[in-house]
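Take a look at the structure set out below.
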Amino acid sequence: YVYLNSLFQTFFFSLLHLSWKVLSSITHCPMFCPLQPTTKLFIDGKFVESKTTEWIDIHNPATNEVVGRVPKATASEMEAAVASCKKAFWNWSETSVLSRQQIFLRYQQLIKDNLKEISKLITFEQGKTLADAEGDVFRGLQVVEHACSVTSLILGETMPSITKDMDTYTYRLPLGVCAGIAPFNFPAMIPLWMFPMAMVCGNTFLMKPSERVPGALMFLAKLFQDAGAPDGTLNIIHGQHEAVNFICDHPDIRAISFVGSNQAGEYIYERGSRNGKRVQANMGAKNHGVVMPDANKENTLNQLVGAAFGAAGQRCMALSTAVLVGEAQKWLPELVERAKNLRVNAGDQPGADLGPLISPQAKERVCHLIEKGVKEGASLLLDGRNIKVKGYENGNFVGPTILANVKPNMTCYKEEIFGPVLVVLEADTLDDAIEMVNNNPYGNGTAIFTTNGATARKYSHLVDVGQVGVNVPIPVPLPMFSFTGSRASFRGDTNFYGKQGVQFYTQLKTIISQWKEEDATVTKPAVVMPTMGN
Ligand code: NAD
């Protein structure tokens, strides 16, 4: 009887679960997905359920199953979030720098303690491998650690005695309420580029994560609260275009940090700037790896393959374009062999080198660009379009793909592919390679592989790209420097993090004071009884 009873119960609950799933897939209505977690808003120190009627599904890219949902925050919820930031600003900006620093010192420890848990969430929602997800959190953590050096970063300048009895000094002060809009590809690192630097300088912050990967930021917000961040100093809203427009237009928001595509970034830069805000926008890329024939072949090929296909090419600093110079063109077959050896699997599976793309639409777009490359005359030396991953047949997987004989006028070269596709071009000389890179509109990152110091110096000096690696395939600077993408990869005047990050989130106040020597207090002891009368 007990056996039959438990069998019946198992059957009954499986049937119930299945019917929820069928209903939710038919209707796409969140009402029918009670088994899936709902992302909260973070307003005034509380994680609250949105009252919206509009929700966006979150999918696990390895299976395409719906694993959660995120609200499109209502206008009044977004207003409440900004009002909370505004209310918290006065106290927070007047909180001593040392107290703010203490919160960030506790915060960095909490992130370290929870690094593995945050990484699992990233893999679950974004698809990248667990090792890569840990790197995502770690690079963000480094910015938090850097924010802890605020006491020296935020110093003003002084010049005593600019004239008789007159001194000039500057204070570096916070702006007020700042906002951040983040992309899907680094769910932890990029939000951590934004609010810690802004907040340690005394600003309060409104974050809008990518609607596809909100989980890591929500976890990070809870840890920030646990570290002692006062209510209202950080608020989080969710949504898409309406939330973005709200941020661009709200009169109480003074500055916007954006990272994402050119389409969104240029729009946000223009709309935000028109409304008198400071805007910094890090955008798309086409990063060239120039391979000289004198390079260390073994290292170069390994680095190229890792940097082109790691994270399934969904990094703004992915080395998506190889330029083989002279004799290095003969290395192409070996490059293909190494790429073939990479293991494509769900990000949480042991040994996975690259995971799936973020969505079926992203996969379709990448496949379309590969096909277009072939039509326009490129040679498809390795084709990852039809890859099947056992146990994950519904995932958005594309295997490593190599297009050779690519010419600068081809669509696969002109557009950012943002997938595991390496396009290979040829150049006769270093000068030809430099000209090619400089003619490309993007200026995010580039690398040169050579054993000749003079070649490396010439390339770094003449190439018009914001971040250059010499035998370093992905030259993302540590946070004591700034992320210095340039040309079409960046809009704004001051870059993210480092000294420039502090400049972006602060304004200077200059004080010129005169204290005449003859007015100095007489220091003779007063021995006469004070009368207080006059
Ligand atoms: P995305 O532009 O689609 O989305 C980024 C953010 O903008 C999201 O929060 C989204 O909700 C919002 N958004 C999207 N489309 C919008 C629109 N039309 N109008 C207003 N807001 C919009 O970018 P993504 O697909 O999430 O991220 C990938 C892109 O980000 C790639 O182009 C990549 O190169 C770029 N990226 C750049 C850097 C860098 O530092 N240069 C770093 C990471 C990613």
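Each ligand, and each atom within it, is numbered from 1 in the order the structure gives.
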Practice task
With the side chain counted from C-beta on, respond yes when F205 and V177 share a heavy-atom pair under 4.5 Å apart, and no when they do not.
Solution key: no

Can you find an N/O atom of [X] closer than 3.5 Å to an N/O atom of ligand 1?
X	value
G260	yes
N262	no
K208	yes
I190	no
S261	yes
E211	yes
W193	no

Students should be able to answer this: which protein heavy-atom is nearest to [atom], and at what distance?
atom	result
atom 41 (N) of ligand 1	M283 O, 2.7 Å
atom 26 (O) of ligand 1	F184 N, 3.0 Å
atom 40 (O) of ligand 1	N282 ND2, 3.0 Å
atom 28 (C) of ligand 1	F418 CE2, 3.6 Å
atom 39 (C) of ligand 1	C316 SG, 3.3 Å
atom 27 (O) of ligand 1	P183 CB, 3.3 Å

Exercise for the section: State whether the side chain of N444 and the backbone N or O of A285 hold a donor-acceptor pair below 3.5 Å, judged by distance alone. Expected result: no

Handout entry: Check: V502 main-chain N/O paired with T506 side-chain donor or acceptor under 3.5 Å
Key = yes

Atoms of ligand 1, numbered as shown, that sit under 4.0 Å from any heavy atom of [X]:
X	answer
H241	16 (C), 17 (C), 18 (N), 19 (N)
F483	40 (O)
N185	43 (C), 44 (C)
I181	6 (C), 7 (O), 9 (O)
G284	32 (O), 34 (O)

Applying a heavy-atom cut-off of 4.0 Å, say which part of [X] lies close to ligand 1: side chain, backbone, both or neither.
X	answer
A182	backbone
N245	neither
N444	side chain
R212	side chain
F490	neither
F186	neither
F258	side chain
I358	neither
V244	side chain

Exercise for the section: Quick one: do K72 and E77 satisfy salt bridge (Lys or Arg N to Asp or Glu O under 4.0 Å)? Show the steps, please. Expected result: CA-CA 10 Å; K72 289 188 183 175; E77 287 164 346; over 6 Å; no

Under a 3.5 Å cutoff, is there a donor and acceptor pairing between the side chains of [X] and [Y]?
X	Y	answer
E79	H250	yes
Y392	Q349	yes
D249	N275	yes
K499	Q503	no

Problem - Closest non-hydrogen atom pair, W55 against S50 - result: CZ2-O, 4.1 Å

Problem - For R172 against L153, the heavy-atom pair lying closest together - result: CD-O, 4.4 Å

Exercise for the section: Is it possible for you to check whether K128 lies under 6.0 Å from the centre of the six-membered ring of F186, through NZ or CZ, and within 45° of that ring's axis? Expected result: yes

Exercise for the section: Test D353 against R343 for salt bridge (Lys or Arg N to Asp or Glu O under 4.0 Å), laying out the working first. Expected result: CA-CA 5 Å; D353 291 313; R343 285 154 302 177; 3.4 Å; yes

Exercise for the section: Classify the angle between the aromatic ring planes of Y107 and F195 as parallel (below 30°), tilted (30 to 60°) or perpendicular (above 60°). Expected result: tilted

Practice task
Just say parallel, tilted or perpendicular for the rings of F483 and W193, cut-offs at 30° and 60°.
Solution key: tilted

Practice task
Pick whichever of A264, A281, G466, G265 has a heavy atom sitting closest to atom 16 (C) of ligand 1.
Solution key: A264

Completion exercise
To atom 32 (O) of ligand 1, the nearest of K286, Q467, E416 on a heavy-atom basis is E416

Exercise for the section: Evaluate the 4.0 Å heavy atom contact test for atom 4 (O) of ligand 1: does a protein atom fall under the cut-off? Expected result: no

Problem - Working for side chain to side chain donor-acceptor pair (under 3.5 Å), residues N287 and S320 - result: CA-CA 6 Å; N287 307 308; S320 56; 5.3 Å; no

Practice task
Begin with the C-alpha distance, continue with both residues' side-chain angles, and end with the deciding distance and a verdict on salt bridge (Lys or Arg N to Asp or Glu O under 4.0 Å) for K87 and D44.
Solution key: CA-CA 9 Å; K87 190 176 75 186; D44 215 27; 3.4 Å; yes

Exercise for the section: Applying salt bridge (Lys or Arg N to Asp or Glu O under 4.0 Å), run through E266 and R491 and close with a yes or a no. Expected result: CA-CA 7 Å; E266 278 159 25; R491 288 268 187 287; 3.4 Å; yes

